[in-house]
K.L.:
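A single structure is presented below for examination.
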Amino acid sequence: MSDHHDHGPHRHGASSLRHRLAHLLTPHSHETADKLDAALESSAQGMRALWVSLAVLGATALAQAGVVAVSGSVALLGDTVHNAADALTAVPLGIAFVLGRRAANRRFTYGYGRAEDLAGLVIVLTIAASAAFAAWVAVGRLLDPRPVANVPAVAVAALVGFAGNEWVARYRIRTGRRIGSAALVADGLHARTDGFTSLAVLLGAAGSALGLQLADPIVGLAITAAIVLVLRDAAREVLRRMLDAVDPALVDRAERVVRAVPGVDRVGELRLRWIGHRLRAELAVVVDGEATLRQAHAIAVEAEHALLHALPKLSAALVHADPAPAPGERDPHLTLAHHLTGQGLSNETP
């Protein structure tokens with residue numbers, strides 16, 4: 001027996017008033033305005049973080065570009081390009097957040113939340129492209145050294161770049177973790193690396209002030225190495241999300257909560273997955289084999305209710321109630337065994 005309550009935020013597509021009335025009439029259901037508003041509010045927070053950071057990084061990149069034009073600093077050029085690329089990643093993420101608000105339909109039955117994962121992949125590719133460009137420019141300047149003009153201006157531009165990027169990084173990472181967006185966290189990590197590379201530009205400026213022409217391109221290569229490091233972290237974050245990885249602590253919490261529900265003998269298979277910045281759950285619970293259909297259904301609903309409270313980012317849970325087998329009774333799932341071979345969950349955490 002399955003509890004097919006789908007509590008996704010887009011199921012009914014009705015007005016907020018209708019959802020509130022539904023909550024009054026069926027108090028066990030979390031397909032309510034509260035869940036809908038939470039999903040929309042998280043998207044709104046993500047959009048706000050994107051546009052604010054776009055404005056800050058855009059202004060930072062423009063200020064640095066002006067200094068690059070008069071100084072010819074390769075290190076500062078690499079930093080400026082990286083800042084500009086970081087600002088532009090707001091575009092795919094913004095599109096993803098807008099798509100994520102669209103209602104599920106018969107083709108996209110889970111909605112459009114996965115657009116965030118695609119945006120995260122675009123961000124990773126953008127970081128990789130900026131690393132390649134910074135390396136290409138730095139190697140070219142190593143082969144053809146040139147003096148850096150207006151060193152004090154380069155130093156000031158580097159400090160401006162650090163301040164702008166660190167502020168944006170903190171804002172994006174904080175917002176991304178609050179709403180559960182791996183793509184926004186990856187974008188914040190990207191901005192944080194830009195901040196540290198801006199500080200590296202200071203070293204190049206200091207070397208140029210001492211007459212070391214190779215200091216600037218060498219720092220440019222160091223910036224490339226730093227970008228590669230953040231590329232690794234961002235790629236791991238995004239690819240894990242694309243492969244449906246979740247924090248094992250969330251699975252442990254879900255199991256503890258469901259086991260505590262009256263009428264649940266034990267928890268069987270439990271799966272969690274992110275769709276955008278919202279979680280979905282599928283699980284089986286074992287109940288008394290003598291329970292009526294209505295009693296088993298009530299237990300499944302209560303299990304779902306408990307999960308929705310325990311996992312704030314959970315938007316839907318599908319609970320299947322299995323009867324505890326009687327002595328000598330044949331397992332009814334044996335009919336499905338040959339279809340499910342190799343699909344069980346392992347306790348290993350890669």
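One-based numbering along the sequence shown. The basis for the numbers below is simple: all heavy atoms, side chains too, and nothing from hydrogens, waters or symmetry mates.
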K.L.:
Would you say CZ of Arg266 has more than 12 non-hydrogen atoms from neighbouring residues, nucleotides or ligands within 6.0 angstrom?
P.N.:
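Result for CZ/Arg266: open.
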
K.L.:
Taking C-beta and beyond as the side chain, do Arg177 and Ile173 meet within less than 4.5 Å on heavy atoms?
P.N.:
yes

K.L.:
Please determine whether residues Val267 and Leu308 belong to a single hydrophobic cluster, defined as Ile, Leu, Val, Met, Phe, Trp and Tyr linked transitively by side-chain heavy-atom distances below 4.5 Å.
P.N.:
yes

K.L.:
Do Met242 and Val238 have side-chain heavy atoms sitting under 4.5 Å apart?
P.N.:
yes

K.L.:
Would Val286 and Leu318 show up in the same hydrophobic cluster when neighbours are defined by side-chain heavy atoms closer than 4.5 Å?
P.N.:
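Different hydrophobic clusters.
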
K.L.:
Is there a salt bridge (Lys or Arg N to Asp or Glu O under 4.0 Å) between Glu269 and Arg271 once you walk through the steps?
P.N.:
CA-CA 7 Å; Glu269 184 178 82; Arg271 299 177 187 270; 3.0 Å; yes

K.L.:
Could you walk me through whether Val56 and Asn165 pass side chain to side chain contact (heavy atoms under 4.5 Å, CB included), step by step?
P.N.:
CA-CA 8 Å; Val56 173; Asn165 277 289; over 6 Å; no

K.L.:
Which residues pass the side chain to side chain donor-acceptor pair (under 3.5 Å) test with Arg170, not counting sequence neighbours?
P.N.:
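Arg170 satisfies side chain to side chain donor-acceptor pair (under 3.5 Å) with Glu166 only.
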
K.L.:
Can you confirm whether Asp322 sits close enough to Val287 that some side-chain heavy atom of one is under 4.5 Å from a side-chain heavy atom of the other?
P.N.:
no

K.L.:
For Asn105, give me all partners under side chain to side chain donor-acceptor pair (under 3.5 Å), at least two apart in sequence or on another chain.
P.N.:
Tyr112

K.L.:
How close do Ala324 and Asp265 get, heavy atom to heavy atom, and via which atoms?
P.N.:
CB-OD2, 4.0 Å

K.L.:
If hydrophobic clusters are built by linking Ile, Leu, Val, Met, Phe, Trp and Tyr wherever their side-chain heavy atoms come under 4.5 Å apart, do Val258 and Val251 end up in the same one?
P.N.:
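Yes, one cluster joins them.
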
K.L.:
If the test is side-chain contact (heavy atoms from CB on, under 4.5 Å), which one of Leu118, Leu125, Thr126 qualifies with Val122?
P.N.:
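Running side-chain contact (heavy atoms from CB on, under 4.5 Å) over Leu118, Leu125, Thr126 with Val122 returns exactly one hit, Thr126.
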
K.L.:
May I ask you to test the Arg253-Leu311 pair for a side-chain heavy-atom distance under 4.5 Å?
P.N.:
yes

K.L.:
How long is the gap from CZ on Arg232 to CD on Glu237, to the nearest 0.5 Å?
P.N.:
13.0 Å

K.L.:
Report the residues that fulfil salt bridge (charged side-chain N to carboxylate O under 4.0 Å, His left out) with Arg273, sequence neighbours left out, ordered by chain and then residue number.
P.N.:
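Salt bridge (charged side-chain N to carboxylate O under 4.0 Å, His left out) check on Arg273 returns Asp244.
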
K.L.:
Would a 4.5 Å heavy-atom cut-off, applied to side chains only, mark Leu270 and Glu255 as touching?
P.N.:
yes

K.L.:
Looking at Glu282 and Arg280, is there a salt bridge between them, counting it only when a charged N and a carboxylate O are closer than 4.0 Å?
P.N.:
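Between Glu282 and Arg280 there is no salt bridge, as every charged N stays at least 4.0 Å from the carboxylate O atoms.
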
K.L.:
Report the residues that fulfil side-chain contact (heavy atoms from CB on, under 4.5 Å) with Ala298, sequence neighbours left out, ordered by chain and then residue number.
P.N.:
none

K.L.:
From Leu272 CG over to Asp247 CG, what is the distance, rounded to the nearest 0.5 angstrom?
P.N.:
10.0 Å

K.L.:
Would you indicate whether the side-chain heavy atoms of Tyr171 and Arg48 approach each other to under 4.5 Å?
P.N.:
yes

K.L.:
Could you pull out all residues at least two apart from Phe162 that satisfy ring-ring contact (aromatic ring centres under 6.0 Å, His included)?
P.N.:
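Phe162 satisfies ring-ring contact (aromatic ring centres under 6.0 Å, His included) with no other residue.
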
K.L.:
Please give me the minimum heavy-atom distance between Val257 and Ala306, naming the atom from each residue.
P.N.:
CG1-CB, 3.4 Å

K.L.:
I'd like to know whether Leu307 forms a side chain to side chain contact (heavy atoms under 4.5 Å, CB included) with Glu304, so could you lay out the CA-CA distance, the side-chain angles of the two residues, the decisive distance to 0.1 Å, and finally the verdict.
P.N.:
CA-CA 5 Å; Leu307 279 175; Glu304 182 177 7; 5.6 Å; no

K.L.:
Just how far is it from atom NE2 of His297 to atom CG of Leu293, taken to the nearest 0.5 Å?
P.N.:
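Answer for the NE2-CG pair, His297 versus Leu293, is 8.0 Å.
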
K.L.:
Do Val319 and Val246 sit in one hydrophobic cluster, given that two such residues count as connected whenever their side-chain heavy atoms are within less than 4.5 Å of each other, even indirectly?
P.N.:
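Yes; Val246 is reachable from Val319 via cluster members.
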
K.L.:
Please find the pair of heavy atoms, one from Thr60 and one from Gly164, that lie closest to each other, and give the distance.
P.N.:
OG1-CA, 4.1 Å

K.L.:
Would you say Val91 and Leu62 are hydrophobically clustered, going by side-chain heavy atoms of ILVMFWY under 4.5 Å?
P.N.:
no

K.L.:
For the residue pair Ala119 and Ala96, what are the closest heavy atoms and their distance?
P.N.:
CB-CB, 3.9 Å

K.L.:
Closest heavy-atom contact between Leu231 and Val124?
P.N.:
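Where Leu231 meets Val124 most closely, the heavy atoms are CD1-O, 3.3 Å.
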
K.L.:
My understanding is that only residues two or more places apart in sequence, or in another chain, count here; which of them pass side-chain contact (heavy atoms from CB on, under 4.5 Å) with Trp51?
P.N.:
Met47, Leu54

K.L.:
Arg114 and Ile275: which non-hydrogen atoms are nearest, and at how many Å?
P.N.:
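Arg114 and Ile275 have their closest heavy atoms at N-CG2, 4.0 Å.
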
K.L.:
Is any side-chain heavy atom of Arg102 less than 4.5 Å from a side-chain heavy atom of Leu99?
P.N.:
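Yes, their side chains come closer than 4.5 Å.
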
K.L.:
Do side-chain atoms of Lys313 reach the backbone of Trp274 as a donor and acceptor pair under 3.5 angstrom?
P.N.:
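No.
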
